[in-house]
Amino acid sequence: MDTMNGPAGRAAFAVLSLVLAVVAFALAQRGLVGHQSFKAFYCAGAAVRHRMDPYRVEPLRSCERNLEASPMPEGYVEPAPQPGYVLAGFALLSALPARLAAEIFSLALVCASVLSALALGRLIRAPSYAVLLALAPLTLLNVAYGEIPPLALAAICVGAYLLHVGRPAAAGVVVCLALIQPNVGLPAVVAVLIFAPGARLAILLTGAALAGLSAIAIGVGSNAEYFTRVLPLLANAEIVASDQYSLSRLLYVLGTPSDIALLVGKIWFAVAAIGGIFAAGWLTRKRGQSDLLPLLPPAAVTLFGIYLHDIQILIAVPAALVLAARMHKEPARSLASLFVVLLVTVWTQAPRPAVLLIDAAGAFGALLCLLPGAAARRIAYAAAGSLTAIVAVVLLQHFATPAPHDLITHSFSASPDEFSPIAWGRYLRATPELTRTVLAPQLVTWIGLLGVFACALAANFQKPTLDQS
């Protein structure tokens, strides 16, 4: 793979980075802020800037009304379920016009994935442009919806690289930034805290700084609201959502009462987090792979974790790439690479030509990173695999995913002083199209995650040592 990392490879990486930046900018400039989650973050930031509660229906709803391109139900408000230190950043963005802020935010998401690709390319000795291709489908999905997982992605990938090169203190600071997505960032931070002694002080100091920033931004009372009220209410609201990837949602669809489904989902999250943390710790101590400390635990909790959508699956891709790349036996590595393709492909979107092209590029990049052999052979197999992936997307959407219906919302209301997740839950339950049973895309992703983990488990028990490349 070294030849692909030469001048031509670096040029390809630069061109691809520029193309992704242009696409992201175009998506933001189209003026779709009112249809993105970014509008909720922007408006919550404005609330913080004006010293108001960002977790209540008002002033969030009034601000969002000003950004929406089409009328929404009177009770509609999209929550911004982020901690105070995250909303402090959006408070700065909210001082700018919404479209300009969205453009800056979209470019930041692409820059985060570019940085992640550079770090991962060095960890698995793969061409950085191939890694960036593998990250592109889910990155652009996040850009289209105005979401923040790519920022957490950069934190865990750069943190992993810093651990790999022996800079644990710097890794501790960077990994804490993954807490921008607390449900996937927390396991990474805990793993590094436990198993990387040189990072402990940096993590404690950075964590204290984030806590202080939260207190300054939204006050102690709102911070308490976030952890004790907002997060539980959001989990309860989202259990009915079709696009959920959580165990709670799966159990709910299968007929489990919602309170039991939510409880089991929380227990599973704890089990998955602990399992991922100690698996990463074992690989660190027995195999010397400390770079998996920030990568593997977040990937573990994306399997049936709490409050997960297709956008968060991006967080599992780095661990999947690293685990697959370090399998010595060709059959296991080739099989694992196919499971990785299931992860990098976006299965939830209608198979429009642009979507299929991006999915094909992602599958091609993942296979180019992982398949062994000569360059020509890898390119040929990667091309065949990418074509197979887009055929699978088309077939899944045509045969296994219910056809979408008109978005009709029945009447519901929301009072100004209640928490926004309560109103959001009413909106979801009043909109049948958003709560229909859809499991095929989730099933494909779950198979991808389970397949990668199974291959990695088998490989680590078969080999006494692993390449630490």
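- Counting heavy atoms from C-beta outward, Cys455 and Leu323 have side chains that stay 4.5 Å or more apart.
- The backbone N or O of Ala154 lies less than 3.5 Å from a partner atom in the side chain of Ser116, making a donor-acceptor pair.
- Residue Phe105 is tested with Phe25, Phe38, Tyr145 for a ring pair (Phe, Tyr, Trp, His ring centres under 6.0 Å); the sole match is Phe38.
- Listed for the Asn223 side chain is a donor-acceptor partner under 3.5 Å among the backbone atoms of Gly219.
- Of the N and O atoms on the side chains of Gln244 and Ser246, at least one donor lies less than 3.5 Å from an acceptor on the other residue.
- A heavy-atom distance below 4.5 Å is found between the side chains of Pro421 and Val230.
- Ala155 approaches Ala178 most closely through the heavy-atom pair CB-N, 3.4 Å.
- Distance alone, capped at 3.5 Å, places no donor-acceptor pair between the Arg56 side chain and the Pro416 backbone.
- Of the possible polar contacts, one joining the Arg249 side chain to the Ala241 backbone as a donor-acceptor pair under 3.5 Å is found.
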| request: Quick one: do Ser94 and Phe90 satisfy side chain to side chain contact (heavy atoms under 4.5 Å, CB included)? Show the steps, please. | output: CA-CA 6 Å; Ser94 72; Phe90 284 107; over 6 Å; no
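- Across all non-hydrogen atoms, the minimal contact from Leu151 to Ala108 is CD2-O, 4.0 Å.
- Between Ile239 and Arg429, the shortest heavy-atom contact is CG2-NH2, 4.0 Å.
- With Tyr226 as the fixed residue, the ring pair (Phe, Tyr, Trp, His ring centres under 6.0 Å) test singles out one of Phe419, Tyr85, Tyr55: Tyr55.
- Taken from OG1 in Thr206 to CG in Leu213, the straight-line distance is 12.0 Å, to the nearest 0.5 Å.
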| message | Set out, in order, the CA-CA distance, both residues' side-chain angles and the distance that settles side chain to side chain contact (heavy atoms under 4.5 Å, CB included) for Gln349 and Val393, then state yes or no. | response | CA-CA 9 Å; Gln349 302 299 301; Val393 170; over 6 Å; no
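- Side-chain contact between Leu407 and Thr431: present, with at least one pair of heavy atoms (C-beta onward) separated by less than 4.5 Å.
- For Gln442 and Trp347, the side-chain atoms include no donor-acceptor pair closer than 3.5 Å.
- Of the possible donor and acceptor atoms, none in the side chain of Ser386 sits under 3.5 Å from a partner among the backbone N and O of Phe364.
- Side-chain contact annotation: Thr302 with Gln312, donor-acceptor N/O pair under 3.5 Å absent.
- Nearest heavy-atom pair, Leu153 versus Leu314, reported as atom, atom and distance to 0.1 Å: CD1-O, 3.6 Å.
- The distance between the ring centers of Phe304 and Tyr245 does not fall below 6.0 angstrom.
- In this structure, Val23 and Leu140 have side chains that are in contact, with non-hydrogen atoms separated by less than 4.5 Å.
- Smallest separation of non-hydrogen atoms from Ala332 and Met327: O-SD, 3.8 Å.
- Within 6.0 Å of CZ on Phe269 lie more than 12 heavy atoms contributed by other residues, nucleotides or ligands.
- For the pair Pro404/Glu433, a side-chain contact is recorded, criterion being any heavy-atom separation below 4.5 Å from C-beta on.
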| said: Would Leu395 and Phe399 count as a side chain to side chain contact (heavy atoms under 4.5 Å, CB included) here? Give the steps. | reply: CA-CA 6 Å; Leu395 292 177; Phe399 292 107; 3.7 Å; yes
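- Put simply, the side chain of Arg426 never gets that close to the backbone of Ala237: no donor and acceptor are under 3.5 Å apart.
- Taking the six-membered ring for Trp and thresholds of 30 and 60 degrees, Tyr307 and His309 have ring planes more than 60 degrees apart, a perpendicular arrangement.
- Neither side chain, Arg436 nor Ser242, offers a donor N or O lying under 3.5 Å from an acceptor on the other.
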| message | For Val340 and Leu321: C-alpha separation, side-chain torsions, deciding distance, then whether side chain to side chain contact (heavy atoms under 4.5 Å, CB included) applies. | response | CA-CA 7 Å; Val340 173; Leu321 286 170; 3.9 Å; yes
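- At least one donor-acceptor pair under 3.5 Å links the side chain of Thr435 to the backbone N or O of Pro432.
- Considering every non-hydrogen atom in both Ala423 and Val77, the closest pair reads CB-CG1, 3.6 Å.
- Checking side-chain atoms of Arg333 against main-chain N and O of Ala325 turns up a donor-acceptor pair under 3.5 Å.
- One distance of note links CG of Leu141 with CD1 of Ile311; it measures 7.0 Å at 0.5 Å rounding.
- Annotation: side chain of Val322 is in contact with side chain of Leu120 (closest heavy-atom distance under 4.5 Å).
- Between the side chain of His50 and the backbone N or O of Ala46, at least one donor-acceptor pair lies under 3.5 Å.
- The closest donor-acceptor contact from the side chain of Glu64 to the backbone of Glu78 lies under 3.5 Å.
- For Thr345 and Asp359, the side-chain atoms include no donor-acceptor pair closer than 3.5 Å.
- Interatomic distance, CG of Asn183 versus CG of Leu231, reported as 8.5 Å (0.5 Å rounding).
- In this pair, Phe412 and Tyr427 present their aromatic rings tilted. The plane angle is within the 30 to 60° band.
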